[in-house]
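What follows is a set of notes on a single structure, which appears directly below.
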2 protein chains.
Amino acid sequence: MATMAAGGLTDEEQRTWRNFARAARLLFAQLDRDLSRDAGMVPGAFELLVILSEAPNRALRMNELAEATLSSPSRISHAIERLAELGWVERTTCPSDRRGWLAVLTDKGYEALAAAAPPHIEHIRTHLFEGLSDNDVAELGRICNTILSRLPASGAAGGGCAAE
Amino acid sequence: MATMAAGGLTDEEQRTWRNFARAARLLFAQLDRDLSRDAGMVPGAFELLVILSEAPNRALRMNELAEATLSSPSRISHAIERLAELGWVERTTCPSDRRGWLAVLTDKGYEALAAAAPPHIEHIRTHLFEGLSDNDVAELGRICNTILSRLPASGAAGGGCAAE
DNA sequence: AGCTCCTATTTGAGTGCTCAACTGTTGCTG
DNA sequence: CAGCAACAGTTGAGCACTCAAATAGGAGCT
């Protein structure tokens with residue numbers, strides 16, 4: 001029944017596209033659920049905390065956060081406000097540029113991250129990697145890197161940014 | 001800097017995970033933007049229209065829609081209401097089960113889908129497939145299918161459901 | 001019939017995201 | 001050193017999704 005969604009894709013491409021979309025969405029949904037159940041963490045908060053924890057002085061400017069998470073300044077602004085209400089980050093003015101703000105990970109935020117990380121990583125392993133061979137993992141990484149490199153404003157190759 | 005997010009993953013796994021997550025999110029975000037720009041279609045609406053268009057009589061029950069799109073009954077209920085307001089679907093009572101409702105794709109909805117599909121597919125090709133070899137496509141499909149098959153409540157293999 | 005449990009769906013409150021203004025800074029240019 | 005475009009970030013409205021509660025019909029048992 002290769003009707004509407006078929007267009008100019010081969011059968012193989014259609015299958016791959018649907019599998020890729022389903023796998024990605026289901027996987028992210030599962031991980032988000034796990035994270036919110038285990039750590040009471042809203043989807044996306046974890047990523048912000050990780051990135052901050054890896055930054056020098058555990059601090060980053062808002063636009064750097066936006067870039068690192070591939071999201072809009074607006075989203076970062078809202079999200080950091082929520083994290084600040086939880087006491088997980090603090091905002092300090094940027095010394096070198098009075099327009100800017102630094103989001104700083106607090107000790108409390110670091111602890112929340114430290115508590116959330118191990119189960120989360122375990123879930124990534126069980127849901128994503130456990131069924132894949134070493135070769136599959138390498139192939140998947142390579143292919144995704146290729147996809148990334150062709151997407152607008154991606155920052156592909158090796159892991160991008162300072163987030164590694 | 002393999003700190004918090006490292007845990008029990010190898011370097012290769014970390015790289016693959018980050019590339020996969022970035023590629024998937026960036027790709028979906030791009031396609032959603034394209035779709036909403038070209039067709040004024042909210043993310044997710046397209047998928048519903050496709051599934052309805054492929055169903056017998058262009059009609060499906062709410063729970064079937066939920067299953068096919070891997071989403072909650074609640075989301076379907078809200079989403080179909082929005083599509084109904086646009087005149088793209090209609091709701092009729094289900095003859096065999098008075099609890100149920102059928103969502104039926106209208107001609108207007110079919111036209112909207114027919115207009116939206118070609119550019120969308122073209123975008124899938126350019127963003128996802130154009131940089132991949134035939135072998136990459138096959139590998140990616142196979143790997144995603146493996147991932148799917150190990151995820152709870154997935155319905156993997158060959159394309160799942162009637163959606164092919 | 002009547003009871004009870006299960007399934008199908010809707011509803012509404014709450015929350016996070018997007019998009020389009022808006023405020024305040026910086027730094028280039030004449 | 002004005003003037004002004006570009007930049008950094010916030011704000012608020014609007015919308016889509018989630019979760020829990022509510023409605024309502026079916027199915028099986030006695």
Side-chain angles (χ1 to χ4, degrees), chain A residues 25-26 28-37 39-49 52 59-86 88-104 153, chain B residues 25-26 28-49 59-86 88-104 153:
Chain A
R25 285 200 315 191
L26 221 60
F28 295 148
Q30 181 66 50
L31 289 173
D32 283 350
R33 263 195 307 276
D34 292 340
L35 211 41
S36 103
R37 178 170 34 70
M41 228 173 246
V42 117
F46 184 83
E47 187 188 13
L48 282 172
L49 297 182
L52 281 176
L60 236 34
R61 288 185 59 169
M62 305 302 267
N63 58 356
E64 296 175 307
L65 276 173
E67 225 173 293
T69 58
L70 302 173
S71 52
S72 68
S74 177
R75 176 184 172 272
I76 297 299
S77 186
H78 287 298
I80 289 293
E81 187 184 349
R82 288 187 293 267
L83 293 181
E85 276 166 16
L86 289 170
W88 289 353
V89 307
E90 270 168 8
R91 301 158 110 148
T92 56
T93 59
C94 178
S96 60
D97 185 340
R98 254 176 299 177
R99 290 171 301 182
W101 289 88
L102 287 170
V104 191
Chain B
R25 286 200 314 191
L26 221 59
F28 294 148
Q30 181 66 50
L31 290 173
D32 283 350
R33 262 195 307 278
D34 291 341
L35 210 41
S36 102
R37 178 171 34 69
D38 297 346
M41 226 173 248
V42 118
F46 184 81
E47 187 188 12
L48 283 173
L49 296 183
L60 236 33
R61 288 187 58 169
M62 305 303 267
N63 58 355
E64 295 175 309
L65 276 172
E67 225 174 291
T69 58
L70 301 173
S71 54
S72 67
S74 177
R75 177 185 170 272
I76 296 300
S77 186
H78 287 298
I80 289 293
E81 187 184 349
R82 289 187 292 268
L83 293 181
E85 276 166 17
L86 289 170
W88 290 352
V89 306
E90 270 168 9
R91 300 157 110 151
T92 57
T93 59
C94 177
S96 60
D97 185 339
R98 254 177 299 176
R99 291 171 300 181
W101 289 88
L102 287 170
V104 190

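Throughout, a chain's letter reflects where its sequence line sits, starting with A, and its residues are numbered from 1.
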At what distance, to the nearest 0.5 angstrom, does SG of B/C94 lie from CG of B/L60? 11.0 Å
Students should find this one: the first and last nucleotides of DNA chain D, 5' to 3', lying under 4.0 Å from a heavy atom of chain B. What are they? D/dA16 to D/dG26
Would you say that A/W101 contacts A/T93 through its side chain, given a criterion of any heavy-atom pair below 4.5 Å between the two side chains? yes
Any chance you could measure B/E47, atom CD, to B/L35, atom CG, to the nearest 0.5 Å? 11.0 Å
Spacing between A/E47 atom CD and C/dC17 atom P, to the nearest angstrom: 11 Å
Reckon B/N63 has a side-chain N or O less than 4.0 Å from the OP1 or OP2 of C/dT9? yes
So do B/V104 and B/R91 actually touch side chain to side chain, heavy atoms under 4.5 Å? no
Summarise protein proximity over nucleotides 22-29 of chain C in one line of letters, 5' to 3': B for base, S for sugar-phosphate only, - for none, counting protein heavy atoms closer than 4.0 Å. --BBS---
Residues in side-chain hydrogen bond (donor to acceptor under 3.5 Å, both in side chains) with A/R82, at least two apart? none
To the nearest 0.5 angstrom, please state how far the CG atom of A/L70 sits from the CG atom of A/L65. 12.0 Å
Sequence neighbours excluded, which residues qualify as side-chain hydrogen bond (donor to acceptor under 3.5 Å, both in side chains) partners of B/R61? none
Residues at least two apart in sequence or cross-chain that pass side chain to side chain contact (heavy atoms under 4.5 Å, CB included) with A/Q30, listed by chain then number, are A/R33, A/D34, A/H127, B/P152
Apply the test side chain to side chain contact (heavy atoms under 4.5 Å, CB included) to residues A/H78 and A/S74: give CA-CA distance (whole Å), side-chain angles for both, the deciding distance (0.1 Å), then the verdict. CA-CA 6 Å; A/H78 287 298; A/S74 177; 3.6 Å; yes
Would you mind building the protein contact string for nucleotides 10-15 of chain C? One character per nucleotide, 5' to 3', B for base within reach (heavy atoms under 4.0 Å), S for sugar-phosphate only, - for untouched. BBB---
